[in-house]
Protein chains: 2
Amino acid sequence: MHPSDNETSIRQASLEDLVTGPVDGLILEERLGYALRRAQLKVFKHFDEAMREHNIRPAQFSSLVVIEGYPGVTQSSLAQTLAIDPPRVVNLVNSLEERGLAMRVRCKRDRRSHGIFLTKQGEALVDKLKELSSQSDLAATQALSEIERRQLLMLLRKIYAPAHGEG
Amino acid sequence: MHPSDNETSIRQASLEDLVTGPVDGLILEERLGYALRRAQLKVFKHFDEAMREHNIRPAQFSSLVVIEGYPGVTQSSLAQTLAIDPPRVVNLVNSLEERGLAMRVRCKRDRRSHGIFLTKQGEALVDKLKELSSQSDLAATQALSEIERRQLLMLLRKIYAPAHGEG
DNA sequence: TATTGTTATACTCTATAACTATA
DNA sequence: TATAGTTATAGAGTATAACAATA
């Protein structure tokens with residue numbers, strides 16, 4: 001591919017004065033994936049800052065919250081819930097177990113399954129983390145009113161869980 | 001950490017009947033990061049399917065759209081616009097150049113900068129990709145009305161670009 | 001001295017296949 | 001034979017530091 005093959009696509013005037021500033025106008029804003037990614041980038045950045053002190057990753061936080069809500073949840077069920085693959089859950093639960101936040105208990109009826117439970121330490125931590133997470137969400141969405149924030153959650157839920165969100 | 005240290009956190013009844021199904025109820029839905037991630041997962045999945053035929057990744061698509069809108073955009077400007085780091089832009093533009101979709105032109109005034117332009121082939125492709133992307137967005141958000149879809153875009157924009165979104 | 005682009009590197013996230021132990 | 005969990009592996013995506021060329 002030689003430049004000469006594509007002369008018509010180049011506005012010669014631009015070769016001296018290139019576009020050097022941020023050009024984030026209306027070009028991409030209509031693309032849903034782009035808007036979601038940019039918003040998530042900001043929300044996760046706030047989340048990371050909030051969790052830095054406790055060295056907790058997003059998937060670790062979500063796991064702790066689910067385990068708290070469903071003590072004895074199995075790893076396969078956790079994988080389904082968080083929409084991640086079973087191999088990731090292994091590392092996830094390993095990291096929580098190594099830090100003394102959760103532990104596996106082998107099921108008596110079906111010895112293939114492991115129930116996951118929070119330790120006392122895990123229960124104490126998850127309560128604090130949930131508060132930090134809420135504060136972080138508010139900080140990341142300062143430009144939104146409380147009504148808009150709830151509206152946003154509803155719209156997002158409609159996308160990923162239409163059955164629940166539509167009713 | 002011995003299980004016996006944490007007996008109080010385990011509901012013994014659960015040790016025989018674990019929670020094995022999907023438990024994705026209301027536990028995590030209030031978390032903005034979780035909702036954003038789940039929605040993005042779905043939207044990107046549709047996008048991937050739509051682009052599979054053309055073997056285009058999300059960042060490649062965004063780059064093509066920006067270059068089309070701003071012929072001669074520099075790599076540093078592209079990095080700013082897409083909120084990615086300069087080293088990634090190098091690979092990104094390399095991939096577009098290798099496929100004959102875009103090309104670098106060294107700036108005459110400031111020979112450090114490269115302007116990026118679409119080739120004829122790139123211009124033809126990006127028009128088709130934009131149409132595919134729009135269809136993909138619609139398919140991923142079938143549960144939303146057109147008003148809700150626009151509302152969602154506005155709310156997301158308010159998050160990542162409060163200055164533009166608030167007015 | 002600062003900036004544009006580049007290389008090298010590493011770390012996280014994610015996906016897949018193959019394996020084990022239990023059923 | 002099927003399932004829960006595990007291991008190994010590889011590919012994206014992402015971030016950082018260091019470098020070359022140019023200003």
Side-chain angles (χ1 to χ4, degrees), chain A residues 16 18-22 33-34 36-38 40-42 44-45 47-48 51-52 55-63 72-97 102-116, chain B residues 16 18-22 33-34 36-38 40-42 44-45 47-48 51-52 55-63 72-97 102-116:
Chain A
E16 298 198 357
L18 299 181
V19 181
T20 55
Y34 177 80
L36 281 168
R37 177 178 170 274
R38 290 298 298 264
Q40 194 188 11
L41 227 54
K42 178 158 183 177
F44 270 52
K45 189 161 162 277
F47 181 88
D48 277 350
M51 298 292 159
R52 186 176 302 154
N55 194 27
I56 288 286
R57 305 295 311 151
Q60 289 175 322
F61 171 72
S62 296
S63 300
V73 65
T74 62
Q75 295 184 202
S76 54
S77 175
L78 189 59
Q80 268 189 277
T81 302
L82 301 180
I84 62 183
D85 300 291
R88 270 193 75 191
V89 177
V90 175
N91 289 330
L92 215 41
V93 176
N94 282 348
S95 72
L96 298 178
E97 215 167 33
M103 52 184 195
R104 295 174 170 90
V105 177
R106 182 164 274 219
C107 179
K108 292 172 181 170
R109 285 198 185 166
D110 183 342
R111 288 171 45 76
R112 293 173 303 182
S113 297
H114 296 97
I116 317 173
Chain B
E16 299 196 357
L18 299 181
V19 181
T20 55
Y34 176 80
L36 280 170
R37 177 179 171 274
R38 291 298 299 264
Q40 195 188 10
L41 226 56
K42 177 157 184 178
F44 270 52
K45 190 160 161 278
F47 181 87
D48 278 349
M51 297 293 157
R52 186 175 301 153
N55 194 29
I56 288 286
R57 304 297 310 151
Q60 291 175 322
F61 171 72
S62 296
S63 299
V73 64
T74 63
Q75 294 184 202
S76 55
S77 174
L78 189 58
Q80 266 189 279
T81 302
L82 301 180
I84 62 182
D85 300 292
R88 270 193 74 194
V89 177
V90 175
N91 289 329
L92 215 42
V93 176
N94 283 348
S95 72
L96 298 179
E97 217 169 31
M103 52 183 194
R104 296 173 170 91
V105 177
R106 184 165 273 218
C107 179
K108 292 173 183 171
R109 284 198 186 168
D110 184 343
R111 288 170 46 76
R112 293 173 304 183
S113 298
H114 296 97
I116 318 174

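Residue numbers begin at 1 in each chain, while the letters A, B, ... track the order of the sequences.
- Summary of the strand contacts: Val89(B) and Pro58(A) both lie near DNA chain C, and taking for each the nucleotide with the nearest heavy atom, the more 5' one is attributed to Val89(B).
- The interatomic distance linking Asn91(B) (CG) with dT6(C) (C1') rounds to 10 Å, in whole Å.
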Nucleic acid footprint by protein, nucleotides 16-23 of chain D - heavy-atom cut-off 4.0 Å, B for base, S for sugar-phosphate alone
BB----BS
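- dA12(D) atom P lies 16 Å from atom CZ of Phe47(B), rounded to whole Å.
- For Ser113(A), there are no side chain to side chain donor-acceptor pair (under 3.5 Å) partners, not counting sequence neighbours.
- Under the side chain to side chain donor-acceptor pair (under 3.5 Å) criterion, Arg57(A) pairs with Asp48(A), sequence neighbours left out.
- Residues passing the salt bridge (charged side-chain N to carboxylate O under 4.0 Å, His left out) test with Arg112(A), sequence neighbours excluded: Asp110(A).
- The distance between atom CD of Gln60(B) and atom P of dA12(D), rounded to the nearest whole Å, is 10 Å.
- With sequence neighbours left out, Asn94(B) forms a side chain to side chain donor-acceptor pair (under 3.5 Å) with Arg104(B).
- Atom CG in Leu96(B) sits about 16 Å away from atom C1' in dG5(C), given to the nearest Å.
- dT3(C) atom P lies 18 Å from atom NE2 of His114(B), rounded to whole Å.
- Between dA12(D) and Arg57(B), no contact under 4.0 Å exists linking OP1 or OP2 to a side-chain N or O.
- The interatomic distance linking Ile84(B) (CD1) with dA15(D) (P) rounds to 10 Å, in whole Å.
- Counting only heavy atoms from C-beta outward, the side chains of Leu92(A) and Ile84(A) approach each other to under 4.5 Å.
- Counting only heavy atoms from C-beta outward, the side chains of Pro58(B) and Arg37(A) never approach each other to under 4.5 Å.
- In this entry the distance linking CG of Asp48(B) with P of dA15(C) reads 10 Å, nearest Å.
- Regarding contacts with the backbone of dG5(C), a side-chain N or O of Ser76(B) is found under 4.0 angstrom from either OP1 or OP2.
- Of all heavy-atom pairs between Ala59(A) and Ser63(A), the closest is O-OG, 2.7 Å.
- Following rounding to the nearest Å, Phe44(A) (CZ) and dG13(D) (P) show an atom-to-atom distance of 17 Å.
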